[in-house]
Amino acid sequence: MSKRKSNFKVNKFSTRVGSFSEFNFEFFIPLNIHQILKTFFFLSVALSFVCANANASMKEAEGWVTREFQPSTLTQDQQLEEMAWFVEAAKPFQGLTIHVLSEIIDTHVYESEVLAKAFFEITGIKVVHHLKHEGDVVEMAQMQMLSERSIYDAYVNDTDLIGTHYRQGQIVPLSDFIEGEGRDVTLPTLDLDDFIGLSFGTGPDGKLYQLPDQQFANLYWFRHDWFSRPDLQDQFRAIFGYELGVPLNWSAYEDIADFFTNHVKFIDGERVYGHMDYGNRGPSLGWRMTDAWLAMAGAGDHGIPNGRPVDEWGIRMESCRPVGASVSRGGAADSPAAIYAVKKYIEWLHNFAPPGSENMTFSQAGPVPGQGHIAQQIFWYTAFTASLTQPDLPVVNDDGTPKWRMAPSPHGAYWEEGQKLGYQDAGAWTFFKSTRLERRKAAWLYAQFTVSKTVSLKKTLVGLTPIRNSDLNSEQMSIVAEKLGGFLEFYRSPARTLWTPTGMNVPDYPKLARLWWQNIGLAVDRSVSVEQAMTSLAREMDRVLARLERIGMGKCAPKLNQPEDKNIWLERNGSPKPALTNEDPPGRTISYEKLLQTWQQ
């Protein structure tokens, strides 16, 4: 029997079903009732699959919100609303596998092992979250920059590279992405104003390039229980003539290091040391210097977040162009203050730290204070806070409170009010233009998931690398504060603004960073003098800047000053600064209790 068709097209249906591709159903209205029923049956099955899949995703979300993502600054209903948005926004990317890379710290381990799994079960997007040492992360990012091909879909890359990324123009300005191509996959409740380190990933043009995922500062760490013992206080006062307390300057730090290493020597039968550090000739030695050691000494200029025109790397920048690192070009990498900084580092490492410290890396040295025989550490990353609160450690009391405290870093002889005082790491989500849009969108969804208010407080409590004001000011953080040794007091205080990452003065972080450990490592093992090492470092940094000037950069490329006699620059105001007649002024300390009061001012 022949079938007649109407002579006009009625509709075109399209839907996305799970991870399948888009189905288009074009049909003419048939006169045969069987065709009508068959068509609508097929459509109802497809739509039922979509609904069932969404319901299953929300059931997974409810489980994660209830079991894992507590506490939160959101109510559970608000958390589920955020999760419902992720379920809907992820539908076009279900079945996709994305690859992201970050360094190995507790926060990223939690993301890799827990949040990536949760994200997959809730959205259907699989995330392979790789973890590598920070030096390897920088190298992989550099490889993607140089090759202009996608290796990872996203990186948690330190905002120390903001000067590199801004100039090379190879990463996606997130401000533009959020308003443009990524508008449909940007979380409505992301709340950028809630992030405490947003400025760190913002370029001179006011655009956000990197979204903070974790932050930790570089502070002073000490054994509060030992510093509070009357017998040790009396002994210190008798030897040095002032009170044992939190050191305000490097002279006091050195006296305290000498006191515990060479005078006290043993506490409760255990050999103790007044200093801890590391000196292995590798990438982490470079961070030991570039993470604001010269700024703490006072080598740079006034100005926050970084000294202007001379920053903590000793690089001088005029307008937005780096013009030199050596004193002869107006920089400070080989200045008297820089030489003083490195000399103190090496002297303390060899004279006051435990044997073998000079062969350790950042990762190896980090857990050592928790072993119970270190009195203080001038250069201590708060990323180790969580690991030093474990109940079975000798530095934790039976009630779970720490025997230690953290405090602001003491400053060197060249430091002046108004200068940067310390370093703050801000690992931030970074997306390269070489990554295809579809994969970038999926990775952006995962990035937002890891910093969303649904999960951020729980992540902060796990890794203690806070990124949101709402988390820091939450009741839950107040409850655990007494077990964190001053961590919350620091992050709630305005003092934290004096601790900042590397800034815009550094035009090519990967190329310049390696020069630090390669040169200073020779001084650590005493193959060359500190003066020789810093002269070589400044000269090699100038060569890199000159090469960048020759080949050009997307914007704000270096433009080297012509070299002049060093004394001409040293006689001018600001950095580079001339040598002080006395680099060891009297030591000054403050009680920890008084220090906390200053944090509230």
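Computed from a prediction, not measured in an experiment: that's the story for all the values here.
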- Query: With Asp213, which residues qualify under salt bridge (Lys or Arg N to Asp or Glu O under 4.0 Å), at least two apart?
  - Reply: Lys459
- Query: Hey, does Ile178 have a side-chain heavy atom less than 4.5 Å from the side chain of Leu192?
  - Reply: yes
- Item | Backbone of Gln215 reached by a side-chain donor or acceptor of Gln424 within 3.5 Å | no
- Asp225 backbone acceptor or donor facing Ser228 side chain under 3.5 Å: no
- Message: Apply side-chain contact (heavy atoms from CB on, under 4.5 Å) to residues His275 and Ile378 and explain how you reach the verdict.
- Response: CA-CA 8 Å; His275 176 61; Ile378 192 172; 4.2 Å; yes
- Item | Tyr155/Gln144 under side-chain contact (heavy atoms from CB on, under 4.5 Å): CA gap, chis, key distance, verdict | CA-CA 11 Å; Tyr155 295 79; Gln144 186 150 339; 2.6 Å; yes
- ring-ring contact (aromatic ring centres under 6.0 Å, His included) pairs, two or more places apart, involving residues 466-488: Phe487-Tyr491
- Task: Tell me, yes or no, whether the heavy-atom count around Asp392 atom CG, taken from other residues, nucleotides or ligands under 6.0 Å, exceeds 12.
- Result: yes
- Query: Name the one of Gln376, Gln377, Arg405 that satisfies side-chain hydrogen bond (donor to acceptor under 3.5 Å, both in side chains) with Tyr220?
  - Reply: Gln376
- Message: Pair Asp158, Tyr509 - check side-chain hydrogen bond (donor to acceptor under 3.5 Å, both in side chains), show working.
- Response: CA-CA 10 Å; Asp158 284 358; Tyr509 186 99; 5.5 Å; no
- Could you tell me whether Phe222 and Phe227 have their ring centroids closer than 6.0 angstrom? yes
- Asp399 meets the side chain to side chain donor-acceptor pair (under 3.5 Å) criterion, sequence neighbours left out, with Thr401
- Message: Between Gln371 and Glu270, is there a side-chain heavy-atom distance shorter than 4.5 Å?
- Response: no
- Item | Test item: Lys132 side-chain N/O and Val138 main-chain N/O as donor-acceptor pair under 3.5 Å | no
- Query: Please walk me through it: do Leu74 and Glu81 pass side-chain contact (heavy atoms from CB on, under 4.5 Å)?
  - Reply: CA-CA 10 Å; Leu74 301 182; Glu81 286 176 10; over 6 Å; no
- Task: May I ask you to say whether Glu181 pairs ionically with Arg440, meaning some side-chain N is under 4.0 Å from a carboxylate O?
- Result: yes
- Message: Measuring from atom CD1 of Ile162 to atom CD of Gln210, what distance do you get when rounded to the nearest 0.5 angstrom?
- Response: 5.0 Å
- Tell me the side chain to side chain donor-acceptor pair (under 3.5 Å) pairs involving residues 186-204, sequence neighbours left out? Glu82-Thr189, Thr186-Trp444, Asp191-Lys453, Asp194-Arg468, Asp194-Ser470
- Task: May I have all residue pairs that pass ring-ring contact (aromatic ring centres under 6.0 Å, His included) and include part of residues 70-93, sequence neighbours excluded?
- Result: Phe86-Phe449
- Message: For the CZ atom of Phe195 and the OG atom of Ser456, what is their distance to the nearest 0.5 Å?
- Response: 7.5 Å
- Message: Tell me if a side-chain donor or acceptor on Arg223 pairs with a main-chain N or O of Gly372 at a distance below 3.5 Å.
- Response: yes
- Query: Got a donor-acceptor contact below 3.5 angstrom from the Thr382 side chain to the Ala217 backbone?
  - Reply: yes
- Item | Distance flag, aromatic centroids of Phe384 and Trp221, threshold under 6.0 Å | no
- Message: Is the shortest side-chain heavy-atom distance between Lys441 and Asp184 below 4.5 Å?
- Response: yes
- Is there a donor-acceptor pair under 3.5 Å between the side chain of Gln79 and the backbone N or O of Thr454? yes
- Query: Within a radius of less than 6.0 Å around CD of Glu593, do more than 12 heavy atoms belonging to other residues, nucleotides or ligands occur?
  - Reply: yes
- Task: Take Gln170 and Ser434, measure what side-chain contact (heavy atoms from CB on, under 4.5 Å) needs, and give me the verdict at the end.
- Result: CA-CA 8 Å; Gln170 292 193 31; Ser434 54; 6.0 Å; no
- Would you confirm whether Ser112, through its side chain, and Val109, through its main-chain N or O, come within 3.5 Å as a donor-acceptor pair? no
- Message: Using the side-chain hydrogen bond (donor to acceptor under 3.5 Å, both in side chains) definition, which of the options Thr290, Asp160, Thr500, Asn218 pairs with Tyr423?
- Response: Asp160
- Item | Under 3.5 Å donor-acceptor, Asp153 side chain and His99 backbone | yes
- Message: Under the criterion salt bridge (Lys or Arg N to Asp or Glu O under 4.0 Å), I'd like the reasoning laid out for Arg514 against Glu139: C-alpha separation, chi angles, the key distance, then a yes or no.
- Response: CA-CA 11 Å; Arg514 66 171 64 100; Glu139 289 298 321; 3.3 Å; yes
- Sidechain-backbone polar pair: Ser57 side chain, Thr123 backbone, donor-acceptor under 3.5 Å: no
- Message: For the CZ atom on Arg67, are there more than 12 heavy atoms of other groups (residues, nucleotides or ligands in this structure) within a distance under 6.0 Å?
- Response: yes
- Look up atom OG1 in Thr385 and atom CG in Leu484, then write down how far apart they are to the nearest 0.5 Å. 7.0 Å
- Spacing of CD belonging to Glu111 relative to CG belonging to Asp106, to within rounding of 0.5 Å: 11.5 Å
- When rounded to the nearest 0.5 Å, the distance separating CG of Leu498 from CD1 of Ile304 is 5.0 Å
- Could you tell me which residues satisfy side-chain contact (heavy atoms from CB on, under 4.5 Å) with Val114, sequence neighbours excluded, listed by chain and number? Trp64, Glu68, Tyr110
- Message: I'd like to know if the side chain of Tyr278 and the backbone of Ser284 have a donor-acceptor N/O pair within less than 3.5 Å.
- Response: yes
- If you draw a 6.0 Å radius around NZ in Lys403, do more than 12 non-hydrogen atoms from other residues or ligands fall strictly inside? yes
- Can you find a pair of side-chain heavy atoms, one from Thr389 and one from Trp404, that are under 4.5 Å apart? yes
- Note on the structure: The reported gap from CE in Met289 to CH2 in Trp517 (rounded to nearest 0.5 angstrom) is 14.5 Å
- Query: Does the side chain of Leu488 come within less than 4.5 Å of Leu472's, by heavy atoms?
  - Reply: yes
- Task: Verify salt bridge (Lys or Arg N to Asp or Glu O under 4.0 Å) between Glu121 and Lys117, making sure each step is shown before the conclusion.
- Result: CA-CA 6 Å; Glu121 292 183 0; Lys117 182 174 186 286; 2.9 Å; yes
- Task: Quick one: sort the Tyr273 and His373 rings into parallel, tilted or perpendicular, breaks at 30° and 60°.
- Result: perpendicular
